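Please read the structure below before turning to the comments.
So you know, we letter chains A, B, ... as the sequences are listed, proteins then strands, and number each from 1. For clarity, every value in this text was computed on a predicted model and none was experimentally measured.
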There are 2 protein chains.
Amino acid sequence: MTEMSSNSGSGGGATGRIGIGLELDATHLKILEVLRDNGRVSVSALAERVGISRANAYTRFEALRADGVIRRFTAEIDHQRAGLGIVALIFVTVRQQMWRQFRAQLAQMPEVEYCAITTGQHDAMIQVRMADVAEVHAMVTERLANIPAVKATETVFILDEVLRRPYVLPSDRERDRGRGAPRRPGPSPSSDPEQGQGQGQGLPLGKMRFVGAAEGRAALRDAT
Amino acid sequence: MTEMSSNSGSGGGATGRIGIGLELDATHLKILEVLRDNGRVSVSALAERVGISRANAYTRFEALRADGVIRRFTAEIDHQRAGLGIVALIFVTVRQQMWRQFRAQLAQMPEVEYCAITTGQHDAMIQVRMADVAEVHAMVTERLANIPAVKATETVFILDEVLRRPYVLPSDRERDRGRGAPRRPGPSPSSDPEQGQGQGQGLPLGKMRFVGAAEGRAALRDAT
DNA sequence: GTTGAAATTAGTACGAA
DNA sequence: TTCGTACTAATTTCAAC
């Protein structure tokens, strides 16, 4: 369950275009903002907070849900209290042309909370949540190692989770304008305060300490 | 907002003990399971699905919420459609004894979705969500680089998010018993199908390809 | 896109098992 | 503790504006 087939086709998810089927305006974003902080608000209360009528709120709410902008509603729980206090990141190197198998195997592992394909030295990052360190060990050596698609792994433990937001919205960025990140008017046409989320990507990578796919990390040390 | 002060005190979050104030039984876990998949169910429907009375469901629901097992309810949204289609991981090396400042600065960055302190070559991992690649660049070079606590960064892009679960529950593991991960009766006393979540940690790390804190990665390649 | 009124459903409080 | 029922308050739906 919970497979995500986003960013599928081309290898990058570079087209961050907005509104595939539904044009999101400021009101939509406001709705999402409220729903992020309280996923159980009644639509009536939602309408009041956003500043629209109930009927309108119902319409937009349903549209967001039907269009897939809102995937689902969920409860955020304290893993520690639920008995899974250990978090680990497992960086995986995947054997080429065995991706399909890798993904299929991963979908069978309920203890995996997150898995993403990455650039860099490794091919994928898996986040697991376990009751104790021994279980992480068992997971890596007995379960992951048994997958033929897995060539190598590297495990890192999470000592503390400093911050976790349910999701980030474009409108969040308006709050820190003019604090260290001056919007230069170049390739990012996202200067409209309400809904401007253009694409304009792939240009200024020159200054980044980029790590090419699986080529190893040199002695890169600073971002400037 | 959304700071997590779990795992604070000692540096490890090793004590995965359950029930600090509330003993979670099978019914509690069932409730969490339902709430994970549909955070907006009415308590009446919840009671029906779990198989308890409405009054009981209300009591337990409130208890889980009051005790902090359920942190909040939220909506899971499609970032791509919301205009933030680019995801990146930024691995940060933090200057010693500047952790407090690092955390304070991070709390001010709304575009940061997740931040965790890790073992391994780097000290922290930050996950950001942006409209385009250029913004990631700006984030790293202009915002993170301006934090004195940040010594070095390494950026990796996420090409595809294969899997994302709202959270993992101890009961999830029952579903894959006897498929590659034989529960050896050693340090993990979590053999009770319903609520057993012991600690028993720190023993069998010998076979793991462990990466000590910020000591660099040697030519480690396989998990066995 | 908004307001208002009816029908339904949710939330609360109690006593009994 | 948990369940069942009655009571109260709120939400959703549907209508007209």
Side-chain angles (χ1 to χ4, degrees), chain A residues 18-19 21-78 81-83 171 192-195, chain B residues 18-77 81-82 166 169-171 192-197:
Chain A
I18 195 175
L22 183 69
E23 202 72 28
L24 298 187
D25 58 16
T27 308
H28 283 120
L29 292 181
K30 226 170 183 177
I31 290 173
L32 292 176
E33 215 169 312
V34 174
L35 252 29
R36 162 179 60 180
D37 293 327
N38 186 3
R40 272 181 87 85
V41 281
S42 65
V43 183
S44 311
L46 175 68
E48 200 174 0
R49 288 200 207 178
V50 174
I52 54 177
S53 68
R54 282 164 309 189
N56 192 359
Y58 274 103
T59 307
R60 287 166 175 273
F61 182 84
E62 240 330 288
L64 285 169
R65 223 172 166 359
D67 205 66
V69 180
I70 298 176
R71 277 229 187 75
R72 69 156 123 191
F73 291 93
T74 189
E76 200 183 299
I77 72 143
D78 189 327
R81 298 222 173 153
S171 50
D192 189 303
E194 290 308 15
Q195 68 172 49
Chain B
I18 195 173
I20 315 168
L22 181 70
E23 202 72 29
L24 297 186
D25 58 17
T27 309
H28 283 120
L29 292 180
K30 227 171 184 174
I31 290 174
L32 292 176
E33 215 168 311
V34 173
L35 252 29
R36 163 180 57 180
D37 293 328
N38 186 4
R40 271 182 86 87
V41 282
S42 65
V43 183
S44 311
L46 175 68
E48 200 174 359
R49 287 199 208 178
V50 175
I52 54 177
S53 70
R54 287 202 310 158
N56 193 2
Y58 273 105
T59 307
R60 287 169 175 271
F61 182 84
E62 241 317 290
L64 286 169
R65 221 168 167 2
D67 206 64
V69 180
I70 298 176
R71 276 228 187 78
R72 70 156 122 190
F73 292 92
T74 188
E76 200 182 299
I77 72 143
R81 299 223 173 153
L169 288 173
S171 50
D192 189 303
E194 290 307 15
Q195 67 173 49
Q197 256 71 45

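- Atom CZ of F61(B) sits about 5.5 Å away from atom CD1 of I70(B), to the nearest 0.5 Å.
- Annotation: side-chain contact (heavy atoms from CB on, under 4.5 Å) contacts of T59(A) (sequence neighbours excluded): none.
- To the nearest 0.5 angstrom, L169(B) atom CG is 5.0 Å from I77(A) atom CD1.
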Show, in sequence, the C-alpha distance, side-chain angles and deciding distance for L35(A) and F73(A), and conclude whether the side-chain contact (heavy atoms from CB on, under 4.5 Å) test is met. CA-CA 9 Å; L35(A) 252 29; F73(A) 291 93; 3.7 Å; yes
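- The side-chain hydrogen bond (donor to acceptor under 3.5 Å, both in side chains) check on R60(A) picks up D25(A), H28(A), N56(A), with sequence neighbours excluded.
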Donor-acceptor pairs under 3.5 angstrom involving side-chain atoms of residues 44-52 of chain A: please list them, not counting sequence neighbours.
none

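- Along DNA chain D, the nucleotide nearest V41(A) and the nucleotide nearest A57(B) are compared for position; the residue whose nucleotide lies closer to the 5' end is A57(B).
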Protein within reach of the bases, or only the backbone? For nucleotides 3-17 of chain C, mark each nucleotide 5' to 3' as B, S or -, using heavy atoms under 4.0 Å. BB-----SBB-----
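- From L32(B), atom CG reaches atom CG of L24(B) across 7.0 Å, with rounding to the nearest 0.5 Å.
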Run the side-chain contact (heavy atoms from CB on, under 4.5 Å) check on I31(B) and L64(B) step by step: do they pass? CA-CA 9 Å; I31(B) 290 174; L64(B) 286 169; 3.8 Å; yes
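- Note that the two end axes of the helix from dG1(C)-dC17(D) to dA17(C)-dT1(D) enclose an angle of 30°, each drawn from 5 base pairs, rounded to 10 degrees.
- Annotation for R65(B) and R71(B): closest pair NH1-O, 4.3 Å, computed over non-hydrogen atoms.
- R72(A) CZ to E76(B) CD: the interatomic distance, rounded to the nearest 0.5 Å, is 4.5 Å.
- Running 5' to 3' along DNA chain D, contacts with non-hydrogen atoms of chain A at under 4.0 Å begin and end at dT11(D) to dT13(D).
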